[in-house]
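For reference, the structure is listed below as C-alpha cells.
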There are 2 protein chains.
Amino acid sequence: MSKPSFRDQVLKAREDAIVDAVNRLLADKGFDAMTVDAVAAEVGIAKASLYKHFESKEALAAAAMVRVLARAQAFCDTEAAALPKPLDRLKALARWTMQVQLAGEMPSLPAQNSTLRTALVADRVYMDRLVALSECLGEWIEAAQADGSLSPRLPAEVVLYTLFARACDPVLGVLKAGASYTDAEIIEWLLSSCFDGLAAR
Amino acid sequence: MSKPSFRDQVLKAREDAIVDAVNRLLADKGFDAMTVDAVAAEVGIAKASLYKHFESKEALAAAAMVRVLARAQAFCDTEAAALPKPLDRLKALARWTMQVQLAGEMPSLPAQNSTLRTALVADRVYMDRLVALSECLGEWIEAAQADGSLSPRLPAEVVLYTLFARACDPVLGVLKAGASYTDAEIIEWLLSSCFDGLAAR
DNA sequence: GTCTATATAGCGATAGAC
DNA sequence: GTCTATCGCTATATAGAC
C-alpha cells in the first residue's frame with residue numbers, strides 16, 4: 001500500500017463530493033428523475049467535468065450504490081456482529097437501513113430500469129459487494145432459522161430479498177410525508193410489521 | 001341511463017384497448033420507461049390519435065390506475081365481502097393483488113415521480129376511487145383489530161399503506177424472475193411474510 | 001481537469017391534410 | 001378521428017479551448 005499523493009487525495013475528495021450529491025438526488029428523486037445537470041449543479045462543477053470522473057449516468061448511480069453497500073457491510077461487520085442472536089443482527093440491520101432512508105440517504109433505484117440494471121450487473125465492484133453482503137446475511141438467516149427464531153417455512157432467499165426490499169420500502173416515505181408521526185414511531189412500526197407481521201401474535 | 005349509441009360503444013372499446021396497452025406497459029417497464037410511442041404501437045394506431053382520447057401521458061397512466069382500482073373494489077365488494085372474518089378479507093385482497101402482479105397486470109408507478117403524482121391527485125375519478133377503496137379497507141382493518149386478529153399496535157394507516165405497498169412489492173418480481181419457484185409458492189411465502197412476519201411464531 | 005458551447009437523440013405533444 | 005410529418009424541449013454525452 002503506497003501512500004496516495006496529495007493530488008490523488010484531492011481527486012478522491014472531489015469524487016466523494018460527487019457521490020454525495022448523487023446519493024442525495026437518488027434518494028430524493030430516483031434514478032430516472034435525476035439529471036446529470038442537477039448533479040453537476042449540486043457539486044458546483046461543470047457537467048463535462050463530471051464525465052472525466054464517471055463515464056456515464058449509470059456509473060454515477062453505481063458508485064452511490066457501492067458506497068451504501070459498503071456502509072451496510074461496515075455496519076454488519078461491527079455493530080450488528082456484536083449482537084449474540086442472529087435474529088437481532090438482522091433486525092439491527094433492518095433498523096439501520098430505515099434510519100438511512102429516513103435521513104434521505106438511501107438511493108432508490110426503480111427496480112425495473114433496464115439500462116441501469118445492465119450497467120449494475122456488469123459492474124464488478126458493485127456485484128462483489130452485493131454478493132459479499134448477501135452471503136453475510138445469508139449466514140445469519142440460516143443461523144436464525146436453525147435456532148428457531150426465524151420462520152423456517154420461508155426460503156432464505158425470500159427472507160434476503162425481503163430485507164433488501166424493506167430497505168427501500170415506500171411506506172416509510174409516505175408515513176414521513178404525513179408528518180404526524182415521529183421517526184422512532186415509524187421505524188418501530190415498520191420493523192414490527194416486517195418481523196412480526198400484520199396479524200396479531 | 002340512456003343506452004349508449006353504437007358509435008360510443010366503438011369509442012369505448014378503443015379506449016379499453018388503449019388502457020389495456022398502457023396497463024401492460026406500466027406493469028412491465030414503469031411510468032418513466034413507458035413511451036407514448038410504445039403505447040400507440042401496441043394499440044396499432046397513430047400517436048396523434050391517442051391524444052384525441054387522452055390529453056397527456058399522465059392521463060393514460062391515471063386511466064390505467066383507475067381501472068385497477070375499480071377491479072380491486074369489485075373484488076372487495078364480491079369475493080372478499082363474502083368472507084366472514086375481516087382478517088381473511090384483507091388476506092384475500094392481498095392474495096388477489098399478488099395474482100394480478102404475477103399476471104403482469106399491476107401497473108407500477110414509481111412512488112416519487114412528481115408530474116405524475118400531481119396529475120393523479122388532481123384527477124377526481126382516481127382520487128374518488130382511491131378514497132372509496134381506502135375507506136372500505138379501513139373498516140376491515142379496524143374490525144380485524146377489534147376482534148383481535150390484527151395487531152393492535154399498528155395504526156390502521158400503517159396497515160393500509162403496507163397493503164398498498166405489498167401490491168407492488170418488487171420481491172415478487174425478483175422471485176418470479178428467478179424462475180425456480182411456482183406462482184403459488186411465491187404468493188404463499190409473500191402472504192406469510194406480510195401477515196405472519198419473518199420471525200417464527 | 002475544468003470550462004463553454006454544441007452535437008445527438010429521444011420523447012411528449014401538435015399541425016394540418018383527409 | 002385517423003393519419004403523416006414535425007415542432008420544441010430536455011437530457012445524455014462530447015468537442016475543443018485554456
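These numbers come from the heavy atoms of this one structure, side chains and all, not from hydrogens, waters or symmetry mates. Order of the sequence lines sets the chain letters (A, B, ...), proteins ahead of strands, with each chain counted from 1.
The CG atom of A/Leu60 sits 12 Å away from the C1' atom of D/dA13 (whole-angstrom rounding). Residue B/Arg7 contributes atom CZ, which lies 9 Å from atom P of D/dT2 at whole-angstrom precision. As a whole-Å value, the separation of A/Leu25 CG from D/dT12 P is 11 Å. The CZ atom of A/Phe54 sits 12 Å away from the P atom of C/dT2 (whole-angstrom rounding).
Here the side chain of B/Glu58 pairs no donor or acceptor atom with the backbone of B/Thr115 at under 3.5 angstrom. With A/Lys57 contributing its side chain and A/Met34 its backbone, the two residues share a donor-acceptor pair below 3.5 Å. The main-chain N or O of B/Arg24 is never found under 3.5 Å from a side-chain atom of B/Glu105 such that the two would form a donor-acceptor pair. B/Thr162 places a side-chain N or O within donor-acceptor distance of the main-chain N or O of B/Val158, the cut-off being under 3.5 Å. Under a 3.5 Å cut-off, the side chain of B/Asp196 and the backbone N or O of A/Gly197 do not form any donor-acceptor pair.
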Taking only nitrogen or oxygen atoms into account, show me every contact under 3.5 Å that the protein makes with nucleotides 11-18 of chain C, one pair per line with its distance.
| unit_1 | atom_1 | unit_2 | atom_2 | d |
| --- | --- | --- | --- | --- |
| C/dG12 | OP1 | B/Met34 | O | 3.4 |
| C/dG12 | OP1 | B/Lys57 | NZ | 3.0 |
| C/dG12 | OP2 | B/Val36 | N | 2.8 |
| C/dG12 | N7 | B/Lys47 | NZ | 3.1 |
| C/dA13 | OP2 | B/Tyr51 | OH | 2.8 |
| C/dA13 | OP2 | B/Lys57 | N | 3.0 |
| C/dA13 | N6 | B/Lys47 | NZ | 2.8 |

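Listed by first and then second residue, the ring-ring contact (aromatic ring centres under 6.0 Å, His included) pairs that reach into residues 164-201 of chain A are A/Tyr181-A/Trp189, sequence neighbours excluded.
Here B/Arg14 does not reach the OP1 or OP2 of D/dG1: none of its side-chain N or O atoms lies under 4.0 Å away. Taking 4.0 angstrom as the limit, A/Ser49 places none of its side-chain polar atoms (N or O) nearer than this to OP1 or OP2 of C/dG1.
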